[in-house]
Each structure stands twice: as C-alpha cells, then as structure tokens.
Amino acid sequence: MKFLITAGPTREAIDPVRYLSNRSSGRMGYALAGAAKHDGHEVLLISGPTSLDVPPDVDFIQVESAQQMYDAVQDMIKGVDVSILCAAVADYRPVAVAQQKIKKDGESAARMTLELERTPDILGSMRDVFGFEGKLVGFAAETNSVIGFARAKLLRKKCDFIVANDVSRSDIGFDSRENEVMLVYPEHVVKLEKESKERIAMQIVQHVTILKQ
Ligand code: PMT
C-alpha cells in the first residue's frame, strides 16, 4: 500500500527571524514512516522542521508552515491508500508577517500584541476537500478527557481511528523517546502500553493494515 505520513511541528513566521511553533520532535511520525517502510509499503513522509534523519527509502517532502504542509498533502494525495496525520500543526499563525525584523526599542517596546488567525485544517480537509477515500488515521494531543475529545475528533474528521496522546505527561508524547497511546475507534478503544515510539509505530501500522475498507 502507499502511505502518506505527516510529522513534526510547523513554524508560523512572525518576522524573518521569529516564529510560533511547538515541542514536537518528529520522532513519532518518523517512526511511523520507518515502520510502514519496514513492512514493505511505499511511504511518503511530509515533515516540518526536525533534526532527525529520514528513514531509508522513504520519499520525503520538507515543509515549514501549516499552509505548506496543507499544499503538499493536497498535491500528493492522489493514489495514496493510507494517510496518518501525526504532525503537530500549529493551530494559529500571525495574520501579518513583518517583512523586517520587529524592533524591540522605541515607543511600543514594553508590550506587543500579535493578531493570530487559524491555520488550514489538513485532517479536516482530507475527506471533504481533498476527496480522500483511503484509510485515515488522525492523532489527538489532549491534556484532559482524552478519549472523549478523541472520539469527537474521529467523527468530525471522518477518520478510521484516532491515536490519542495524553500530553499532560512529560514522560510520553511531545519530544520524548517513548509513548503510550489509545487507539480510539467509533465503538471501542485499544490501549498501547508505554514503549519506544518505534514499537508503538509498528503496532499502529499493524492496526491500519487490518482495517476493513
Ligand atoms: O513529534 P513527537 O515529539 O514525537 O511527538 C509526537 C506528538 C505528540 C506530536 C504526536 O504523537 C501527536 O500527538 N501529534 C498530533 C498533535 C496535534 O497537533 O494534535 P491536535 O489534537 O492539535 O490535532 C489533531 C489532528 O489534526 C492531528 O492529526 C493533526 O496532525 C491534525 N491537524 C491539526 C491542526 C491543523 N491545522 N491541521 C491538522 O491536520
């Protein structure tokens, strides 16, 4: 099968040297790409900025912003059988990007206000805008009511299952080497116990491959 996987954070420019972003290291998404490749699938990894090596024989597109990730997914979605959207896409971006570095001296130095707008929703566009009919897996990073919020996302975004992370814990999730997740399906939940992201990724890929279409 042909897999498309998103990974890493996005960066939303404020000016030529500053940006809004988050703590995603990319490890979970890169581990998924490696696991799918290891199982003999064709894999395209679309990633925001990370310091990781791309797994061998995985096709790769580097992006920076949420808009670039959205455009890359839309461009590449044709012929894809499985999409796993693991990237921690920034939810907001500055309405205006300053063309020059914003100075911190002068009258308005003590405080500044940034006006933000929503970034495009890649997962939410997969079915209705991109017309994707393959297997669709989203992630959810939650700090409370993890399963409830994940199930609401599953239905809203028309996914086959959601991989839910409890990001209130510092030993799993963002920027750690291990993860512990719940696979939230419409009718049931499967818990994957705490393990390396590589082993969690192998189990997620197995769950995807046995999904009925
Ligand atoms: O990169 P690591 O350090 O290994 O950490 C892994 C992780 C914690 C980042 C990963 O496991 C994870 O949970 N990724 C999703 C993080 C996130 O942004 O969650 P969310 O609940 O805000 O988003 C829900 C889903 O919508 C995700 O599939 C996300 O890719 C997608 N999304 C979000 C916003 C947006 N504008 N477009 C999207 O497609």
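Both counts, for ligands and for their atoms, begin at 1 and track the order of listing.
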Please indicate whether any nitrogen or oxygen in [X] is less than 3.5 Å from any nitrogen or oxygen in ligand 1.
X	value
L123	yes
L85	yes
F139	yes
T6	no
M28	yes
S25	yes

Mark up the atoms of ligand 1 that fall under 4.0 Å of a heavy atom belonging to [X], in ascending order.
X	answer
T119	36 (N)
A140	21 (O)
P120	35 (C), 36 (N), 37 (N)
D175	2 (P), 3 (O)
G26	1 (O), 2 (P), 3 (O)
K197	2 (P), 3 (O), 4 (O), 5 (O)
D91	34 (C)

Subject >> CZ (R156) with more than 12 external heavy atoms under 6.0 Å >> reply: yes
**OP:** Kindly check if the number of other-residue, nucleotide or ligand heavy atoms within 6.0 Å of CD (E117) is above 12?
**Re:** yes
Option nearest [atom] (shortest heavy-atom distance, choices [options]):
atom	options	result
atom 21 (O) of ligand 1	K153, E178, M126	K153
atom 33 (C) of ligand 1	V89, V167, N179	V89
atom 29 (C) of ligand 1	A87, C86, A7, A31	A87
atom 38 (C) of ligand 1	I122, T10, L136, L32	I122

Closest approach of any protein heavy atom to [atom], naming residue and atom:
atom	answer
atom 19 (O) of ligand 1	A141 N, 3.4 Å
atom 9 (C) of ligand 1	F174 CE2, 3.7 Å
atom 18 (O) of ligand 1	A88 CA, 3.4 Å

Quick one: look at [X] and ligand 1, take heavy-atom pairs under 4.0 Å, and tell me if it's side chain, backbone, both or neither.
X	result
R118	neither
N165	side chain
P9	neither
K157	neither

Do [X] and [Y] have side-chain heavy atoms sitting under 4.5 Å apart?
X	Y	result
L20	R93	no
D171	S176	no
F139	L32	yes
Y70	V129	yes

Original post:
atom 7 (C) of ligand 1: protein heavy atom closer than 4.0 Å?
Top reply: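 For atom 7 (C) of ligand 1 the answer is no, since every protein heavy atom stays at 4.0 Å or beyond.
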Original post:
Does the side-chain contact (heavy atoms from CB on, under 4.5 Å) test come out yes or no for V184 and K153, once each step is laid out?
Top reply: CA-CA 10 Å; V184 180; K153 197 163 279 173; over 6 Å; no
**OP:** Take the angle between the ring planes of H207 and F161 and call it parallel below 30°, perpendicular above 60°, tilted in between.
**Re:** perpendicular
Hey, can you pull the donor-acceptor pairs under 3.5 Å for the side chains in residues 51-66, sequence neighbours left out?
unit_1 : atom_1 : unit_2 : atom_2 : d
Q62    : NE2    : S47    : O      : 3.4
S65    : OG     : Q68    : N      : 3.1

**OP:** Taking side chain to side chain contact (heavy atoms under 4.5 Å, CB included) as the test, write out the residues that go with Y92, two or more places apart.
**Re:**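 If we apply the side chain to side chain contact (heavy atoms under 4.5 Å, CB included) test to Y92, skipping adjacent residues, the hits are L116, R118.
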Original post:
Is R127 salt-bridged to D121, cutoff N-O under 4.0 Å?
Top reply: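 Result for this pair is no, no salt bridge flagged.
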**OP:** Using the salt bridge (Lys or Arg N to Asp or Glu O under 4.0 Å) rule, pick out the option among K197, K191, R199 that qualifies with E180.
**Re:** K191
Subject >> Check: N22 side chain, A88 main-chain N or O, donor-acceptor pair, under 3.5 Å >> reply: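 Yes; judged by distance alone, with no hydrogens or angles, the pair exists.
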Original post:
Of I84, D39, D81, which meets side chain to side chain contact (heavy atoms under 4.5 Å, CB included) against V208?
Top reply: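 Exactly one pass, corresponding to I84.
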**OP:** Before giving the answer on side-chain contact (heavy atoms from CB on, under 4.5 Å), spell out for V82 and H41 the whole-Å C-alpha distance, their side-chain angles and the decisive distance to 0.1 Å.
**Re:** CA-CA 10 Å; V82 176; H41 301 291; over 6 Å; no
Original post:
Is it true that M69 lies under 4.0 Å from ligand 1, counting heavy atoms only?
Top reply: no
